[in-house]
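Taking it in order: structure first as structure tokens, then the write-up.
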Amino acid sequence: MSKIQFELSAKPSIAEIEANGKSGFVAVAARWVIERSNAWVERCKSLVKNFDRTLARANAKLKLCFIRLMLKRPAAS
């Protein structure tokens, strides 16, 4: 197994938010990508509950879910 490394995105300071002229909730770009990815994965019925015995099989299902998502995008346009 490989080691997993996480990189936390910096939260914008109040001064940066006010400088941009925004108020209230301001989405952080890196967090938005993760949240949208999680929402897309939850649409795949086979990934809602993980009953796979191996990490390789779970990883393959995750990749198939994203491949299906990418194939549906060009078909819609």
Side-chain angles (χ1 to χ4, degrees):
M1 294 193 53
S2 63
K3 293 183 180 180
I4 299 173
Q5 297 179 356
F6 293 99
E7 182 180 328
L8 295 176
S9 59
K11 187 175 181 180
S13 67
I14 296 173
E16 291 174 353
I17 293 172
E18 290 175 355
N20 291 336
K22 297 182 180 180
S23 64
F25 175 76
V26 177
V28 179
R31 290 182 186 173
W32 183 86
V33 170
I34 297 299
E35 293 297 324
R36 289 307 320 146
S37 299
N38 288 340
W40 291 326
V41 167
E42 287 179 4
R43 289 184 184 176
C44 296
K45 302 270 187 213
S46 63
L47 295 174
V48 172
K49 291 188 178 178
N50 191 2
F51 292 116
D52 295 322
R53 294 176 187 252
T54 63
L55 184 60
R57 185 174 171 113
N59 193 16
K61 280 188 175 181
L62 187 64
K63 288 180 182 177
L64 285 172
C65 177
F66 278 109
I67 289 170
R68 190 189 84 191
L69 176 70
M70 287 187 288
L71 288 174
K72 288 175 85 175
R73 294 286 169 140
S77 59

Anything under 3.5 Å between a donor and an acceptor, one on a side chain of residues 56-67, the other on a protein residue two or more places apart or in another chain? List them.
unit_1: Arg57; atom_1: NE; unit_2: Asp52; atom_2: OD1; d: 3.3
unit_1: Lys61; atom_1: NZ; unit_2: Asp52; atom_2: OD1; d: 3.3

If you measure from CZ on Arg68 to CH2 on Trp40, what distance do you get to the nearest 0.5 Å?
13.0 Å

Looking only at heavy atoms, which two atoms of Arg43 and Arg36 are closest? And how far apart?
NH2-NH2, 4.5 Å

